[in-house]
Amino acid sequence: MPHRPVDPRASFPALEEGVLERWRERDVFRESIERRRGGPRWGFFEGPPTANGAPGSHHVLARVFKDIFPRYRAMCGYHVDRKGGWDCHGLPVELAVEKELGMQQKADIERYGIAEFNARCREVVLSHIDDWTRLTERIGFWVDTDDAYRTLDTTYVESVWWALKTIHERGLLFERLKVVPYCPRCGTALSSHELGQPGVYQDVVDPSAYVILPSARGKLVVWTTTPWTLVSNAAVAVDPELVYVRTSEEYIVAETLAQRLFGEQVEILERFPGAELVGLAYEPPFDFIAGSEYGERGHTVLAADFVTAQDGTGLVHTAIAFGEDDFRLGEANGLRPINPVLPDGTYDARIGPWAGVHVKAADELIIEDLRRRGRLLRAEPYEHSYPHCWRCNTALLYYAKPSWYIATSQIKDRLLAANEGISWQPPHVKHGRFGHWLEGNVDWALSRERYWGTPLPVWRCHAGHLHVVGSLAELEAVSGVALDDPHRPFVDDVTFACREPGCDGLMTRVPDVIDVWFDSGSMPFASYGARPGVTDGSADDANAEFAAHFPADYICEALDQTRGWFYSMLAVSTLLFDQSSYRNVVCLGLILDETGQKMSKSKGNIVEPWDVLNTYGADAFRWYFFTSKYPWDGYRFSLDSLGEAVRQFMLQLWNTYGFYVLYANAGDVSPGSLSLDRAQLTELDRWTLSRLNATVQTVRAGLDGFDATGAGRAIAEFVDELSNWYVRRSRRRFWDGEPAAMATLHHTLVTLAKLLAPFTPFIADEIYENLDGGEPSVHLCDFPVAGERDSDLERAMAVARETVRLGLAARSQAKIKLRQPLHAAVVVAAGAEREAIERLAETVREELNVRVLRFVSEADELGEVEVKPNYRALGPRFGKDMPIVAAAVAGLDAARTAATLRDGGTVAIGVGGTEHALSGEDLLVSMKPLEGYQVEREGSHAVALELEIDDSLRVEGWAREIVHAVQAARRAAGLEIADRIILTLDGDPPLLAAAREHEAYIAGEVLAVEVRRELAGAAQLEPVRIDELELRIDVARAQPAA
RNA sequence: GGGCGAUUAGCUCAGUCGGUUAGAGCGCUUCUCUGAUAAGGAAGAGGUCCCAGGUUCGAAUCCUGGAUCGCCCA
């Protein structure tokens, strides 16, 4: 047998396991790269997942999109290295360990011991890598996990240190006091990237307070949604341009807000611009901190540009340390940020009665105290969106802290310029979400007061001299200490003498670690341990690797990475190399459940990837993601929707493949004996090959443009045409093992396998392996190149199929079974359409089961013609005169016009006194059916059936019914398709007579070597009824010829 | 509050340069075909193309405003 038999009920998951085994045995992934070594490079960078949890379906989405384009490029001859990677550092890992060890706060970690804590972090983050690797292999994501980079590796950390040292040398690394979102539980500031994590902003109800601040001018009223900041009120901000009023009760507020605050009856004593209030001293809400401690202008009214009269009072409570606007205002007015809140979120000793109270818990106490002292105008709950820690869900505080920054805002123009060179999918992200984000760039808050991360390589002496270390070798050179592990706490102990002339200080490390996004953003060089520009020989190999792979042609991540990895990749590369580290990026949307809800563990609506893989397999999973939608729009995902993808596409493909193998084996047709000899090919063969070439073109164009969806859908459409037109129309030729048909289908299936290899790598390889197998795997083949197309034939076939569709509809309307032959189908068509149908007349005739196809050019016989304007053609020409044109066309003699146009002539109409000639392009000719005919029409052609059934047709119809019944009997008897039978018939004489008349036909159809009549024991057999007549059938397997 | 995107049949989705009868698949009803198929074919039911204005001879498509949903910011 030339091919392994194909099981029509094959289990795809089991089949895929077999293919995986073959890939492992033949080392196909490695080979697929090795074969292309020397070809042009095409680069992919893996955005490293944090492997501290099991991967979910959304990870599968990302990973299959990361897979498809590199696979495609490799098949196109590119050398595509694919280095895996793991993001190892960071708060998520620390949090998992804290939870495991039952820790509540930072101090617990210090008590436990940083060395032990970090050791546990290392274990935890590596513990899920096996899960990830297993899933990665199972879904067919080809990425080198053996040689994956890990952000915790010493060489990786050293590269990151090199990057920071370089940035420092360019004067872009600095420490500054700044108001940052701060998590009191984690004890660290969060970066703007972290604020971009899902779930950070939540709608919460906080107490808001209108607070009275007495002054010489009247009672200032301020509004705040963070009452806990009132203890460090330093000033009140007003808009100098805005109009303020003093009410009869001495309250001072913005004019536009007075009625909302005090009712419509409010009595206004005085109106004045905010500028008049500037400099006014007032009594602070609390006197824990004296105005003078803030500075000269403490507890006075200041002019500001951020005050609005949208809500509140138009006077803004300002606490320098607790808001970004506040802090800037303080800087501009010489006010010091005084922060009475400890790192754990409680007040310090300065806030006497509430010292040790958590600030959020103090809100109500503070409001109550104000009320008691008559300083509260009003308090009410206020719902707003407020940021929370992305991992521990604690409400963040805005809080002035010393932090280390990278001055990315200084290279904003370069970031924008680099973005111009990136191609985004979908395109609107480039100048939309991502471009806007870049335009609003603020400096990168880099430092984290945490433990499990890349240590900030900054050493500082008491005099403030800095030394930024770029490698462990450098650290050893200055300190004499050779470290193996650059992590905390070991690196914390390394000190050395300050080298600044005249300074006798001791250099100690600034204890912070850095933002993990800087780690992952450094992967283009750090994944190789590169330190570009370092020429002492220590990094030569790594630097060469980096140079060979930078920048990547392709990256792909979820859309939420615009503020995450997409940004850090761009920022780090622009800082260091003044260019983007990637050329093309595909963004992926969210995976929702079938009701459109976001999948989350808490809702319990997660679809586990292994469930999908074990039920439908990886190819189905991949195919669904590639073709059901454009990926950035997100998915409504469920096991059911995936099942549809399997039925619609994979089974259709599988059965077409199975069909070929069945008859290739039955006819012992080996692939080597096949050739696509054009002389032998039928029109249908050539049509299929032309359509195949068209599909190759579409797929290549799609994948070149990172459009897997359009490319995949084109393949699905072609597989449908192949299965439901080519194979269906060609079945008989396969029964006979006709070489041209065999060669056409074989070539088509093998080409399809190659086209599908990047999409569904398992089934593609299975088909290739069984049908061709010239290479150890389809993934080592070259991607198909489109051959010639025959556009005329493709158009002709489209017309023929349309004709068949009309004819079948006419049959259905007349309620005449397809098995019943009819004498003629009358086809109305002219010109190219008629030629097309005539060219494929045999196909049309067989499909419609009619003896002859008759053509009429004049539609009169079947219906009345109608002539309508072709708006698409005439609209641009006549513009607003179109209604006149339409009226003029309606006035034409339809039959004569149609005849004229058919002969290539033109007709004239008058519009606005001018004659215009209209050609066949300008008018649409269609038909109205006449009564009494079974006619189906569409556009300019129509099909009518002659419904009269004479004896000859009836008997032929019976013969076909008999064949149908015998086939059913064969199947019921469990015979193989190639088994020869001895057929015995008995029953009503007319049927037996029909059988006799068409005996050769029947015997040929049912593979009967002998047809007998008069069946012994016939009475016991259940008869088949045909047109009220009975037939009894017996089939027996004939002995195979010796 | 701002940015970006979406809204088309019961469901999942197409719909090109604006062209007058808006499509497919699934599901449903009826019929049919089967020498590969879990399939195929035909007919039927199913639409306020989110709403309102505007531009235009003509709008699902372009513009403005609004609604709803999602994401991202604040």
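Each chain gets a letter, A, B and so on, in the order the sequences are listed, and its residues count up from 1.
Backbone-only contact: Tyr630(A) has heavy atoms under 4.0 Å from sugar-phosphate atoms and none from a base. Nucleic acid contact class of Leu559(A) (heavy atoms, under 4.0 Å, all strands): none. Among the heavy atoms of the strands lying under 4.0 Å from Ser723(A) is at least one base atom, whether or not backbone atoms are also near.
A donor-acceptor pair under 3.5 Å links the side-chain atoms of Lys412(A) to the main chain of Glu439(A), judged by distance alone. Looking at Asn665(A), its side chain does come within 3.5 Å of a backbone N or O of His3(A) through a donor-acceptor pair. Of the possible donor and acceptor atoms, none in the side chain of Thr627(A) sits under 3.5 Å from a partner among the backbone N and O of Arg713(A). Side chain of Arg563(A) to main chain of Phe434(A): no donor-acceptor pair is present (N/O by atom type, distance under 3.5 Å, no hydrogens or angles). Proximity of a side-chain donor or acceptor of Ser723(A) to a complementary backbone N or O of Gln652(A) within less than 3.5 Å is not detected.
Side-chain atoms of Ser409(A) and Asn441(A) include no donor-acceptor pair closer than 3.5 Å.
Across the protein-nucleic acid pair, Tyr663(A) atom OH and rG35(B) atom P stand 9 Å apart, rounded to whole Å. Rounded to an integer number of Å, the gap from Gln652(A) CD to rG41(B) C1' is 13 Å. Rounded to whole Å, atom P of rA36(B) lies 13 Å from atom CG of Asn724(A). Straight-line distance from the OH atom of Tyr660(A) to the P atom of rA36(B): 16 Å, rounded to whole Å. Rounded to a whole Å, the CE atom of Met650(A) is 18 Å from the C1' atom of rC26(B). In this entry the distance linking CH2 of Trp632(A) with C1' of rC71(B) reads 16 Å, nearest Å. Computed from coordinates, the Lys629(A) NZ to rU8(B) P distance equals 10 Å when rounded to whole Å. Ile591(A) has its CD1 atom 15 Å from the C1' atom of rG70(B), to the nearest Å.
Its glycosidic angle being within 90° of 0, rC17(B) falls on the syn side.
Ring to ring, Trp437(A) and Phe566(A) are not that close: their centroids are 6.0 angstrom or more apart. Between Tyr657(A) and Trp654(A), the gap from one ring centroid to the other is short of 6.0 Å. Proximity of the aromatic rings of Tyr635(A) and Tyr624(A) is defined here by a centroid distance below 6.0 angstrom, and this criterion is met.
Closest contact between the side chain of Arg728(A) and the listed nucleotides rA38(B), rC4(B), rG40(B) involves rG40(B). Side-chain atoms of Phe659(A) lie closest to rA36(B) of the nucleotides rC73(B), rA36(B), rA38(B). Nearest nucleotide to the Arg713(A) side chain, out of rA14(B), rA36(B), rC72(B): rA14(B).
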Item checked: Dot-bracket summary - RNA chain B, pairs being Watson-Crick or G-U whose distances fall under 3.5 Å, with | when paired to another strand -> (((((((..((((.....[...)))).(((((.......))))).....(((((..]....)))))))))))).
Next item on the list: Begin with the C-alpha distance, continue with both residues' side-chain angles, and end with the deciding distance and a verdict on side-chain contact (heavy atoms from CB on, under 4.5 Å) for His916(A) and Val885(A).
Entry: CA-CA 10 Å; His916(A) 293 275; Val885(A) 174; over 6 Å; no
Next item on the list: Report the C-alpha separation of Tyr398(A) and Asp326(A) in whole Å, then their side-chain angles, then the decisive distance to 0.1 Å, and conclude whether the side chain to side chain donor-acceptor pair (under 3.5 Å) test is met.
Entry: CA-CA 11 Å; Tyr398(A) 283 91; Asp326(A) 311 47; over 6 Å; no
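Ring geometry, Tyr660(A) versus His746(A): the interplanar angle falls from 30° to 60°, so the pair is classed tilted.
Look at the P atom in both rU34(B) and rC28(B): the space between them is 23 Å, to the nearest Å. Here, rC4(B) and rG10(B) have their C1' atoms 31 Å apart, quoted to the whole Å. Taking atom P in both rA42(B) and rC63(B), the straight-line distance is 38 Å, to the nearest Å. Rounded to whole Å, the P atom of rG25(B) lies 9 Å from the corresponding atom of rG40(B). Taking atom C1' in both rA14(B) and rA60(B), one finds a spacing of 12 Å when rounded to whole Å. As rounded to the nearest Å, rA43(B) and rA38(B) have P atoms that lie 23 Å from one another. Of the P atoms belonging to rG70(B) and rU8(B), the separation is 15 Å, rounded to the nearest Å. Comparing the same atom, C1', in rC11(B) and in rG27(B) gives a spacing of 8 Å after rounding to whole Å.
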Would you list the protein and nucleotides 56-58 of chain B atom pairs, both N or O, that sit under 3.5 Å from each other?
| residue | atom | partner | partner atom | Å |
| --- | --- | --- | --- | --- |
| rC57(B) | O4' | Lys880(A) | O | 3.4 |
| rC57(B) | N1 | Gly879(A) | O | 3.1 |

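Taking side-chain N and O atoms only, Tyr657(A) has no distance below 4.0 Å to OP1 or OP2 of rA36(B). The side chain of Arg731(A) places an N or O atom within less than 4.0 Å of a non-bridging phosphate oxygen (OP1 or OP2) of rA36(B).
Residues Glu961(A) and Leu874(A) each lie close to RNA chain B; by heavy-atom proximity, the contact nearer the 5' end of the strand is made by Leu874(A). Residue order along RNA chain B, read from the 5' end via each residue's closest nucleotide, puts Asn870(A) first among Asn870(A) and Val727(A).
Under 3.5 Å, the side chain of Arg433(A) and the base of rC71(B) form at least one donor-acceptor pair of N or O atoms.
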